[in-house]
Amino acid sequence: LDVCSFGDGVACELTEGLSAELGVDFPESADFSTLGGMIMNELSAIPDDGDADIEVETCGLHIKVERVEDRRIESAIVTKLPVPEEDKDE
């Protein structure tokens, strides 16, 4: 398991470099530009301070929120999801 740290945490920009580092494609027409924005886009409500049981799966990633402060996601663990067998053949 590779663990990467992206200097700005969940405020890091969803760039081509980050996409390449994680081996996933981010949607080009998205209404967000940061990892935190991508997480918030997947949630049905803005998390409260202290929420720590938030998990989302999007763009081939599993994201577990570790810390919420001032209703902002401050820390999250990002894990690449396994590629389904049918997608490996392409």
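Computed over heavy atoms, backbone and side chain alike; hydrogens, waters and symmetry mates excluded. Computed from a prediction, not measured in an experiment: that's the story for all the values here.
- Counting non-hydrogen atoms of neighbouring residues, nucleotides and ligands closer than 6.0 angstrom, the CG atom of D48 exceeds 12 such neighbours.
- Nearest heavy atoms, F32 versus P27: CZ-CG, 4.1 Å.
- Checked for salt-bridge contact, E74 and R72 meet the test: a charged N lies under 4.0 Å from a carboxylate O.
- Residues I73 and P47 share a closest heavy-atom pair of CG1-CG, 4.3 Å.
- For the side-chain contact (heavy atoms from CB on, under 4.5 Å) criterion with V56, the lone passing option out of V65, I63, N41 is I63.
- Annotation: the span from L81 atom CG to H62 atom NE2 amounts to 7.5 Å, rounded to 0.5 Å.
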key: side chain to side chain contact (heavy atoms under 4.5 Å, CB included) evaluation trace for M38 with L61   = CA-CA 11 Å; M38 184 170 73; L61 302 171; 4.1 Å; yes

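- Hydrophobic clustering of Ile, Leu, Val, Met, Phe, Trp and Tyr side chains at less than 4.5 Å, counting indirect connections, keeps I77 apart from L43.
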inquiry  = For L22 and K80: C-alpha separation, side-chain torsions, deciding distance, then whether side chain to side chain contact (heavy atoms under 4.5 Å, CB included) applies.
reply    = CA-CA 7 Å; L22 294 172; K80 186 174 176 184; 5.8 Å; no

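- A continuous path of hydrophobic side-chain contacts links V68 to I46 [ILVMFWY only; heavy atoms under 4.5 Å].
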key: side chain to side chain contact (heavy atoms under 4.5 Å, CB included) assessment of D25 paired with C59   = CA-CA 7 Å; D25 293 319; C59 299; over 6 Å; no

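- Remark: E69 engages R67 in a salt bridge (Lys or Arg N to Asp or Glu O under 4.0 Å) (not counting sequence neighbours).
- With respect to R71 and D49, no salt bridge is recorded, no charged nitrogen being found less than 4.0 Å from a carboxylate O.
- For the atom pair CD1 of I54 and CD of E42, the computed distance is 12.5 Å after rounding to the nearest 0.5 Å.
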